[in-house]
Every structure is written in structure tokens, then in C-alpha cells.
2 protein chains.
Amino acid sequence: MPVAATRGASSTRERILDAAESLFIEHGYAATSLRAITTAADVNLAAAHYHFGSKFDLLAAVFHRRIEPVERGRLEALDALERQEAPFSVRDVVYAFLSPMYGAEADDLLDVLPDLIGRIYAEPESLTKPLLEGEFSGVAGRYLTALGQALPDVPPAELRWRFHFTIGAMIQLLRFRAPLGLTAERADFVGSLDRLVDYVVAGLEQERTS
Amino acid sequence: MPVAATRGASSTRERILDAAESLFIEHGYAATSLRAITTAADVNLAAAHYHFGSKFDLLAAVFHRRIEPVERGRLEALDALERQEAPFSVRDVVYAFLSPMYGAEADDLLDVLPDLIGRIYAEPESLTKPLLEGEFSGVAGRYLTALGQALPDVPPAELRWRFHFTIGAMIQLLRFRAPLGLTAERADFVGSLDRLVDYVVAGLEQERTS
DNA sequence: GTCTATATTGGGATAGAC
DNA sequence: GTCTATCCCAATATAGAC
């Protein structure tokens, strides 16, 4: 993986964000020092404090920069779905939820977004709670409602469980990209998203027959 | 949550293991100091090094103590399944995989096992790779083979993906116990395992119809 | 905005007495 | 096996010159 600092001569602030991002992804938050970040970014240690105030606030900035467009995309995709007159399927809702990742195909966003989200979710809850509360307000609730409309016979509590497991399957893909024994090319990510969709739609729509 | 050190007067070595376990679960590996561990265990700092050699080796011991019986139980359950003459279903294999967690009902094992496994899986790969390689050799492979027998029409690569997502859903349950908006009583864990089984069996057995 | 220098605290690990 | 004392290094953060 290329080091963030080699991405060209951007501003000090952006170089710090890039370096922090790739190091947080690789080693996690607690195991990454500001020194390692500023060294990789080729900036002075004090610059990190000047621009971000504290290590935690730097993490919040790193996270916000990537997640804000994702959450916005999710809301917009759901808006579009609800505006159309025909009823929508579970698959439609799942696609809407994942649409920011499909849409980022050409972007270099796909190089870091899955790894970053996967890593943030994996951090201890004491660290991520303040982060996630700010960013995800409303999105999960709106998607649960939409899923309920696509699956009117499933009780709300049951639906929350199925959505919970769906998030878990998604995080697994984001964190590891490929199962043990298989390797995933970067270009295959959209293909593996399709596999994820098939899996979670089956789980969401399940009807016990045995 | 009760502090590990209050579990009675066990040996120094066990007190260190208990305290390390609960602190690792709560704050993660990197954010937990040996000093915090030995203070919680009410033992001397040097004792940790005497008994375990290093912080990493302590983590390995914490992990091994819990995961070894789980992996052994998984292999034994699969042995039993394969010994019987009737063909087995996907659901049978999934139950075998989760059997150590069902079986631990009466045990206090369920107090920590899900949290610990969930946390370990969430640590950065650079940390967990040496741990997981030693413990999981063979188990995943055997279960993939068994799943392949229950699903003879699914190509092996496709099966690996479905198994991958299954692990993700399981980890999500272990880490968070309940979806946002719902609370899970400790006694409900077996009930939520049943929900997990329904979800992943549907994903594993999926047949696209749309 | 960027630097040097430093304050202050805490980290893992170890030597050596008991 | 257990303790005290300590080594040595790294951490976040800040003060203050430029």
C-alpha cells in the first residue's frame, strides 16, 4: 500500500489527514502515535495539534471526511426510492444502502473507504460511540422503516435483528475484502458487493420452511 | 460489570488472566497497559512478566484459554455429525459450528466468551494474525468441506463467500449482543443465537429467484 | 502557520534483593 | 514466586520564538 504522504504536495492539513487515515487503518487508533503520523506526513509534530487540537479530534476529522458523503448518499438514494410510485423490494433498499460504494467505482474513494469504515467499527465502543452517534443519526432508522415497508409481515424487533446481522456481513466484507483462501482484486470489489447483496437479501427475506 | 479481580482468591497467574481479559475486552489491546492489568488483579507488575514474558504473550494466553475449548467443541460436533449415516443439512452444520456457545449455557463462560471473541476479531490484523493462525488451523477448512457436502450445487468459491458473510454476522452478534434500539438480557443470548441461525442458513442456502 | 524545545506522564521491561 | 526500584523510551500536549 502506498504511503499517504506520497500522494503529492497537498496542504499540511490534508497531508496529516491522509497519513493518519492510512496508519489508523493499518494499526488501529491506540497503536498509532501522533509522531508516526506526522513523520509519515512529513510535517512537524506541533502542526497536528495546531490543526486538530488532539489525537481524538484528528480521528474524528479523518472519519468525518469519508463518512459524510456516504451517509448523504444513502439518504439521497432512499429519497429517490421513496419518490417513485411503484413499491420497492428488499433488494432495492439494500442497493440504496450500498449505493455510495457502488457509485464510487471510478473514484479513488474505494481505495480507503472500506478499510476505514471496517476499522472504525472494530475499535472499542468507548472510542467509537462519540463518533458514530454524530454521524449516523437517522440513517439507520430510516432504512429500518423502509425495510419494514418492503417486509410488512416481519415484526419490527425481528427486523432489527436481521438488519443487525446484515451490518455484520457488510463489515466483514469491508474489513477483509475476501474470504480466507481467496484473493480479491481491487477491481473485484463491486463484484463482491453483489455477492453480499445476494446473501443479505436472502437473510432479510428468509421464510423458515424446515 | 464485575471486575475480574473480585472473583475470589485464585492464583496470581489466574488473577492476571482474568483481569487482562476483562480490560482487553473493554478497551482493546493497545489501550490497555500492563500496569492497569496488574493493578486490577492486585498483583505486582513484575509478576506479569514473570508468568507471561511479555504483553503480547499474555494476550495469547488470555485468548487461548477461552478459544481452545470452543475449537475443540466445534471439531467434536462435526465429528459426531459425520459419523451419523443420514445426510446432514446446512442447518446441522451451522448448529455444530455454534454448539460450543449453546453448550455453555449453564457455564459462566457465556459471560465473557462472546465479548472476547468479538474483540479479538476486531483488533488490527497485524496483531491477530499470529493468534488466529495458531488456533484456527483446520477448523474453517473442515466446516467448508461439510458445507460443500450439504450444498453440492454451490461452487466452492461461492461457498467461501457465503461462509465469510456468515462469520461476519456471527461476530456482529458476539460484539454487540443486540441491535440498536433493543436490549438483550444475558439469558436471551441463546435466543439470539437462534435468530442468527435462521439468518445465516437463509444466506447460505440462497437461491436467487429474481 | 510552522518550528524548536520541553513539560509531564505513562509505557514495557528488567535487575537483583528477599 | 514475589517484591522494590529503576532503566529507557515513547506518548500527548504546550509554550514561545520566528
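It should be emphasised that the depicted structure is a prediction, and the values quoted were computed from it without experimental measurement.
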Taking atom [atom2] of [N] as reference, at what distance in whole Å does atom [atom1] of [X] sit?
| X | N | atom1 | atom2 | value |
| --- | --- | --- | --- | --- |
| B/Asp42 | D/dT2 | CG | P | 12 Å |
| B/Ile16 | D/dG1 | CD1 | C1' | 11 Å |
| B/Leu58 | C/dG11 | CG | C1' | 15 Å |
| A/Asn44 | C/dC3 | CG | C1' | 5 Å |

Take atom CG of B/Leu182 as the centre, draw a 6.0 Å sphere, and report whether it contains more than 12 heavy atoms from other residues, nucleotides or ligands.
yes
Taking only N/O atoms, report every protein-nucleotides 13-17 of chain D pair under 3.5 Å with atom names and distance.
unit_1: D/dA13; atom_1: OP2; unit_2: A/His49; atom_2: NE2; d: 3.2
unit_1: D/dA13; atom_1: OP2; unit_2: A/Lys55; atom_2: N; d: 3.1

Look at A/Ser33 and D/dA10 and indicate whether a side-chain polar atom (N or O) is within less than 4.0 Å of OP1 or OP2.
no
Output yes when at least one side-chain N/O atom of A/Thr12 is less than 4.0 Å from OP1 or OP2 of C/dG1, else no.
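Answer no for this pair, as no side-chain N or O of A/Thr12 is under 4.0 Å from OP1 or OP2.
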B/Ile37: which of B/Asp18, B/Val62, B/Leu58 passes side-chain contact (heavy atoms from CB on, under 4.5 Å)
B/Leu58
Donor on one side chain, acceptor on other, A/Asp194 and A/Tyr102, under 3.5 Å
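There is such a pair (donor and acceptor under 3.5 Å, judged by atom type) between the side chains of A/Asp194 and A/Tyr102.
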Give a yes or no answer on whether the side chain of [X] reaches the backbone of [Y] with a donor-acceptor pair at less than 3.5 Å.
| X | Y | answer |
| --- | --- | --- |
| A/Gln172 | B/Ile167 | no |
| A/Gln206 | A/Gly203 | yes |
| B/Ser54 | B/Asp57 | yes |

Which is more 5' along DNA chain D, the nucleotide nearest B/Val43 or the one nearest A/Ala31? Just name the residue.
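The residue closer to the strand's 5' end, by nearest nucleotide, is B/Val43.
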Under 4.0 Å, heavy atoms only, any strand: does B/Thr38 hit a base, just the sugar-phosphate, or nothing?
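Nothing, no heavy atom under 4.0 Å.
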